Amino acid sequence: MALMKSWVASANSEESGFPLNNLPYGVFAHAGGSAHCGVAIGDQILDLTALEAASQLGLFDTRLFDRGGWNAFMAEGPEAWAKLRRWLIGALGENSPIQALLEPYMVAQSAVTMQLPFQISEFTDFYAGRHHAENVGTMFRGPENALPPNWLNMPIGYNGRASSVVVSGTPVRRPWGQVKPADADAPILAPSRRFDFELEIGAIVGQPSSGPVTVAEADRMIFGYVLLNDWSARDIQAWEYQPLGPFQAKATATSISPWIVTRAALEPFRAPTPPREGPLLPYLQEPGPMLYDIDLEVALRPEGKGETTIARTNMRALYYSPAQQLAHHTLSGCPMRVGDLLGTGTISGPERESRGSMLELSWGGKEPLTLPESGEVRSFLEDGDTVTLKGAARGAGYRIGFGECSGTLMPASPAAS
Ligand code: MN
């Protein structure tokens, strides 16, 4: 597929992550203003809320964009999703008959603040990256017990907290927690000293389910994807994770990028999961390629210093696709809701430079990382550090960009309570 041209000139360059091929959905606000639903095109946003309020949209019987989030539109289902995308491609395309009508509804991205693009119903985080699971397992339990016996048979996950999900740009405060230093007999209450990021992709469930769904059905339920940083306190995690998995270590915050990149926009970039290391039960087998060829990177910027790219990887490194994760999630009969968010788990590749967390990059602090652009050295995150996730699928002459998922670590509060 080639670049589709828009009358919005900034959308037609290869550097723009938001060409007509992309059309990601977000929620924005002017200072002091209310939250509007919009579509990114180049460096602009088409204000769908204002367009609908002025009765200039005329695509749907009811108002869908007046609630400050994309949930109502997602609930309308795949036909509505295709209808809006078709209309947008015509309306924002280079020979659009309604360019003059739309121009008053364009907003510069630089003039507004982005908010969470949808109301998060529930949040689940998986552990579907083979290299990440093996690296972390090696550090926590030793190489002989790195991969738990169930890992190659099903996607492992835990139920997280929707309340902890924040939009890119929201500061994150270093948490206090119960930790047990290696040389201590008893646990202590202290600010986490091994605070970390996790490079992930979040899948957004756009259709509900009330019983088990197949992998193919699960794929069709997914509305779109965002970048996701599952902030993690490794010292809290190491002490608490047995026997029931992560809890307080993962409850501080989870950042997501503000633009929902739709499944439709990513269609040309579908890619298969890596070869299976053992057979999967039929309910987990994929009927087609359900990962995407999305280049991912992590940048770290110490306060007041230059930014260094510390990791580069690709979504194709995941062992299980979001569709497989979602199908497994419903196996018990667990109902899924519109607005559920599913994190993939950390996406690490096989090389050191492709590891998606500080825990892996510094090998538990044993191999600290030097940041050439700032002259700093890191094992884990320091106060004032800004972590930025970036992602894009690359086509011929265009990119499907995810924008950025960024967050700055604030010092722990003076006391835990
Ligand atoms: Mn995670």
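Both counts, for ligands and for their atoms, begin at 1 and track the order of listing. All values derive from a computational prediction rather than experimental measurement.
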*Relative to each other, are the rings of His329 and Phe126 parallel, tilted or perpendicular (30° and 60° limits)?*
perpendicular

*Geometric cation-pi criterion Arg394 and Phe269, 6.0 Å radius, 45° cone*: no

*Restricting to N, O or S atoms of Asp230, which is nearest to the Mn ion (ligand 1)?*
OD2

*asked:* Could you tell me if Ser406 and Thr388 have a donor-acceptor pair between their side chains, going purely by distance under 3.5 Å?
replied: yes

*Which angle, to the nearest 10 degrees, do you find at the Mn ion (ligand 1) between OD2 in Asp125 and OE1 in Glu198?*
160°

*asked:* ring-ring contact (aromatic ring centres under 6.0 Å, His included), that's the test. Do Trp151 and Tyr320 meet it? Break it down for me.
replied: CA-CA 10 Å; Trp151 201 93; Tyr320 297 104; 5.7 Å; yes

*For Glu200, what is the atom name of its N, O or S atom nearest to the Mn ion (ligand 1)?*
OE2

